[in-house]
There are 2 protein chains.
Amino acid sequence: MIFNKTTEYALTILGFMATRNENVYSAEYLHQQLNIPRRYLRRLLTDLASHGFLKSSSGRNGGFIFAQALKEINLAMVINKLEGSDAVNNCILGFSCCVVDKPCIMHESWMEARSKMVETLTNTTLADLKEKYQMDLRKILN
Amino acid sequence: MIFNKTTEYALTILGFMATRNENVYSAEYLHQQLNIPRRYLRRLLTDLASHGFLKSSSGRNGGFIFAQALKEINLAMVINKLEGSDAVNNCILGFSCCVVDKPCIMHESWMEARSKMVETLTNTTLADLKEKYQMDLRKILN
DNA sequence: CTTAAATACTATAAAAAGGTAGTAATATAT
DNA sequence: ATATATTACTACCTTTTTATAGTATTTAAG
């Protein structure tokens with residue numbers, strides 16, 4: 001499982017938008033480029049706007065743009081907003097009773113695994129993805 | 001999200017069984033100890049048996065025991081069996097087209113994060129959990 | 001001012017995951 | 001043999017997640 005489909009979609013959208021250079025992205029355009037179900041994607045875009053990642057403009061020539069600088073948005077932020085609170089921070093066993101001073105059996109192994117993952121996700125911003133994308137492009141051209 | 005509830009339950013059950021010293025564990029007993037819904041837990045135990053982690057014996061005094069040595073069962077195995085195929089090995093974006101020679105934008109960041117996690121989960125066996133549990137017990141007693 | 005291209009809102013449908021119920025089958029103790 | 005404690009199987013119900021539909025609203029072009 002790892003992440004919900006909705007979260008995957010959100011990362012896909014933001015990742016795509018971050019690496020291209022359009023002025024504005026309409027839902028229809030993103031749908032065609034990314035193959036995410038049309039109506040579901042629209043709602044998700046609205047959500048991403050209400051979460052503060054995107055800004056929407058209605059009407060003709062409207063669409064979505066980033067509401068923040070790319071370097072301000074990291075992958076962990078997106079995941080946390082979409083999975084609700086701290087999906088990534090929970091005990092692997094979902095034990096509400098599993099806390100630092102009374103950990104469950106798997107606590108230690110899982111914390112180690114998880115914290116590495118969270119660290120990477122937190123350290124990766126959309127700006128990093130853009131940079132990587134452009135570097136890859138240059139490699140292909142040379 | 002990270003893992004399904006079913007996967008959490010499975011890890012809880014196996015972790016519990018690994019750290020205690022009963023001869024056999026009935027569904028009813030596990031239900032009382034672990035607070036997993038009675039009927040759902042039963043089905044899950046049957047599944048764990050058919051996946052080869054447990055062996056069941058019917059009838060009076062029946063129940064479940066491990067079908068393999070504790071050191072042969074690691075957390076990644078359990079997760080993979082329950083989440084179906086390779087949940088943990090998928091692209092973060094769920095792109096079927098994302099493969100090593102044509103990776104998606106987030107491939108690299110995600111692979112790094114994920115592989116750390118998979119490594120820990122693969123290296124942690126039920127025998128390790130048992131050992132850790134007994135060490136913790138000794139600490140409390142001293 | 002009308003039309004067209006867009007987002008916004010709300011309700012509903014479909015699919016998947018989680019959970020329950022009934023009954024059959026099995027095996028042990030007495 | 002019978003009663004009891006157990007798992008096994010199958011069908012169904014509930015909740016959550018994913019997806020669709022209809023209609024209203026916004027805005028720019030012509």
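First the proteins, then the strands, lettered A, B, ... as listed; each starts at 1. This one's a predicted model, so the numbers in the text were calculated from it and none came from an experiment.
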Any donor-acceptor N or O pair under 3.5 Å, side chains A:T125, A:D128: yes
Any sub-3.5 Å donor-acceptor pair from [X]'s side-chain atoms to [Y]'s backbone N or O?
X	Y	value
A:N4	A:T7	no
B:T19	B:F16	yes
B:Q68	B:G52	yes
B:H31	B:A27	no

Rounded distance in Å - [atom1] ([X]) to [atom2] ([N]):
X	N	atom1	atom2	answer
B:L54	D:dA8	CG	P	10 Å
A:L82	D:dT17	CG	P	12 Å
A:I65	C:dA6	CD1	C1'	15 Å
A:E8	D:dT17	CD	P	15 Å
A:N61	C:dA5	CG	P	10 Å
B:L44	C:dA17	CG	C1'	13 Å

Interface with DNA chain C, restricted to residues 14-33 of chain A and to heavy atoms under 4.0 Å: A:S26, A:A27
Salt-bridge contact B:K132-B:D136 (side-chain N to carboxylate O under 4.0 Å): yes
Phosphate contact (C:dA6 OP1 or OP2) by A:S56 side-chain N/O below 4.0 Å: no
Protein-to-nucleotide contact annotation, 5' to 3' order, nucleotides 18-27 of chain D [B base; S sugar-phosphate only; - none; under 4.0 Å, heavy atom]: BBBBBB--BB
Interatomic distance, A:L126 atom CG to A:N74 atom CG [nearest 0.5 angstrom]: 8.5 Å
Pairwise distance OG1(B:T12) to CD1(B:I36) - rounded to 0.5 angstrom: 5.5 Å
Residue A:F64, side-chain heavy atoms: nucleotide from C:dT7, C:dA29, D:dA8 that is nearest: C:dT7
Residues in side chain to side chain contact (heavy atoms under 4.5 Å, CB included) contact with A:N142, at least two apart in sequence or another chain: none
